[in-house]
Amino acid sequence: MLATLAQTWWHRPDSPTRVVLDVTRRCNLRCAMCRTWALPRSTELDAAEIGALVGRLAQLVWLDVTGGEPFVRADIDAVFAAIVEAAPRLGVLHFQTNGWMTDRVVESTRSLRGRLADGVTLIVTVSIDGPPDVHDAMRGRAGSWARAVQTAAALRAIPGVEVHVGTTLTRANVAAQDATWAALVAAIPGLSRAHWHLNAMQTSAHFYDNAGQTALRVPTGPVLERHLAARGVPHSLHAVMESIYLVNLAFVQRGEGSGIGCQALRSTMFVSPEGEVYPCHLYDRPLGNVRERDVLALWRSAEVAAARRDIEALACGGCFSACEAYPAIAGAPVATLRATTRRAWTLWRERGARDDV
């Protein structure tokens with residue numbers, strides 16, 4: 001897997017090495033910061049189409065399955081089975097859930113873990129955005145918090161499954177992070193900060209359908225910096241990657257550019273539930289549909305090449321969202337080392353200056 005990812009250091013691979021696959025726009029919750037649930041019902045790629053798509057991507061080693069809420073799909077087990085069968089080189093499979101359907105999520109995850117080879121890393125992120133009252137208000141449905149923490153705790157009991165809690169910071173919860181952490185550790189035995197992922201709210205027309213929700217966005221740098229300090233020294237590769245992400249995101253939140261080249265359309269791409277290819281989950285630039293054109297033909301097309309040039313020129317606006325930051329970090333080690341070293345040193349000096357006051 002590492003060798004496949006590393007090839008992007010010197011050339012663009014023949015097919016994406018990492019894909020974000022959005023399997024549904026449907027969701028049973030009603031979050032204000034994500035309005036995918038408000039989009040019109042669409043004709044989703046079925047399990048066979050997803051298997052055929054994945055099977056064309058010979059270099060694919062890292063797949064993120066997202067939504068909406070993936071588990072509203074009645075055929076989600078068939079979708080996972082098709083992915084496993086079609087992607088024998090897969091090294092990382094990650095999906096997210098709001099945790100509402102505890103029994104279904106747990107049973108499906110246990111079954112999926114049994115299908116995957118022992119060497120494949122299976123990561124599940126359960127979205128929890130605050131202590132009970134804050135989370136339920138943000139998610140638009142009473143009881144959401146209780147179900148989410150129940151799901152996270154049950155998933156942690158499955159051998160071979162890495163479970164994270166994901167929190168999206170918005171104006172509604174940015175001041176509640178101490179209370180959020182206290183509630184999480186009380187409800188999920190053994191949870192560590194290394195498995196608590198924070199990210200700043202992003203806006204997207206084609207993915208979140210929340211382009212009009214900019215008032216919910218708020219500077220999150222100080223919260224991220226406190227969280228980074230509380231995490232301490234990282235003790236795993238994933239923890240190292242997360243710390244690098246947090247260091248750089250803190251400075252992006254201060255208004256700096258990331259300084260780390262995005263991998264969108266160089267080694268990664270996004271596929272919508274209807275099969276439309278986009279550079280990523282944020283850049284609203286449809287490039288063609290896999291139901292109408294072969295995905296590898298799209299990957300090698302003039303449209304994709306032009307979009308990639310615009311991304312390199314930051315015509316997309318630039319970002320450092322979690323979905324794009326991780327492949328950027330892996331794909332640009334020199335730039336990552338340079339930016340992270342400078343910023344980590346700055347944070348260390350700033351903390352020292354505050355402690356001396």
Side-chain angles (χ1 to χ4, degrees), residues 20-42 44 64-73 76 94-102 104-105 124-152 155 163-177 179-181 183-184 187-188 196-220 223-224 249 270 272-274 278 280-282 284 319 321-324:
V20 177
L21 177 63
D22 188 358
V23 296
T24 185
R25 299 187 187 279
R26 293 175 287 153
C27 188
N28 56 309
L29 301 186
R30 295 294 180 264
C31 306
M33 70 279 192
C34 171
R35 293 181 53 81
T36 181
W37 50 269
L39 287 164
R41 186 74 174 268
S42 61
E44 300 161 349
D64 288 288
V65 175
T66 188
E69 169 53 42
F71 288 89
V72 302
R73 284 191 62 141
I76 191 62
H94 167 254
F95 66 83
Q96 57 80 31
T97 177
N98 61 37
W100 180 271
M101 292 170 273
T102 300
R104 184 147 193 247
V105 174
V124 184
T125 298
V126 182
S127 300
I128 303 176
D129 289 320
D133 55 338
V134 173
H135 176 85
D136 285 5
M138 290 178 65
R139 295 276 161 173
R141 193 167 181 182
S144 300
W145 186 88
R147 293 196 182 213
V149 296
Q150 180 184 7
T151 299
L155 288 170
V163 182
H164 295 259
V165 170
T167 299
T168 299
L169 299 173
T170 75
R171 192 172 298 280
N173 67 350
V174 70
Q177 292 314 296
T180 302
W181 179 241
L184 287 174
I188 306 173
W196 185 28
H197 172 77
L198 301 185
N199 62 280
M201 177 186 167
Q202 303 286 335
T203 55
S204 166
H206 78 86
F207 180 52
Y208 295 118
D209 188 38
N210 66 349
Q213 303 297 96
T214 54
L216 288 174
R217 296 182 67 173
V218 62
T220 59
V223 173
L224 295 170
L249 180 59
F270 176 97
S272 80
E274 306 81 25
Y278 290 84
C280 66
H281 70 301
L282 299 179
D284 189 23
C319 76
S321 71
C323 285
E324 303 312 317

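Start at 1 with the first residue, then count along the sequence. Keep in mind it's a predicted model, so treat the numbers as computed, not measured.
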Student: Going by the rule side chain to side chain contact (heavy atoms under 4.5 Å, CB included), which residues pair with Arg217 if we only count those two or more places apart in sequence or in a different chain?
Tutor: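 For Arg217 the side chain to side chain contact (heavy atoms under 4.5 Å, CB included) partners, ignoring immediate neighbours, are Met201, Gln202, Thr203.
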
Student: Report the residues that fulfil side-chain hydrogen bond (donor to acceptor under 3.5 Å, both in side chains) with Ser127, sequence neighbours left out, ordered by chain and then residue number.
Tutor: none

Student: Mind checking what makes ring-ring contact (aromatic ring centres under 6.0 Å, His included) contact with His197, not counting sequence neighbours?
Tutor: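 His197 satisfies ring-ring contact (aromatic ring centres under 6.0 Å, His included) with Tyr245 only.
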
Student: Would you please name every residue forming a side chain to side chain contact (heavy atoms under 4.5 Å, CB included) with Asp64, sequence neighbours left out?
Tutor: Arg18, Val20, Trp62, His94

Student: Kindly compute the distance separating CZ (Arg141) from CZ (Arg30), expressed to the nearest 0.5 Å.
Tutor: 8.5 Å

Student: Check Thr151, Ile76, Val72 against Met101 for a side chain to side chain contact (heavy atoms under 4.5 Å, CB included) and give me the one that passes.
Tutor: Val72

Student: Scan for side chain to side chain donor-acceptor pair (under 3.5 Å) pairs involving residues 130-139, sequence neighbours excluded, and state none if there are none.
Tutor: Asp129-Arg139

Student: What orientation do Phe207 and His281 show, parallel under 30°, tilted 30 to 60°, or perpendicular over 60°?
Tutor: perpendicular

Student: In chain order, what residues pass the ring-ring contact (aromatic ring centres under 6.0 Å, His included) check against Trp181, with sequence neighbours excluded?
Tutor: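 Counting only residues at least two positions away or on another chain, Trp181 forms a ring-ring contact (aromatic ring centres under 6.0 Å, His included) with Trp196.
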
Student: With distance as the sole criterion, is a donor-acceptor pair present between the side chains of Glu69 and Thr97 under 3.5 Å?
Tutor: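 A pair is found: one side chain offers a donor N or O, the other an acceptor, under 3.5 Å apart.
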
Student: From Leu216 CG over to Asn210 CG, what is the distance, rounded to the nearest 0.5 angstrom?
Tutor: 8.5 Å

Student: Counting C-beta onward and ignoring hydrogens, is there a side-chain heavy-atom pair between Arg26 and Arg41 closer than 4.5 Å?
Tutor: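 Arg26 reaches Arg41 side chain to side chain.
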
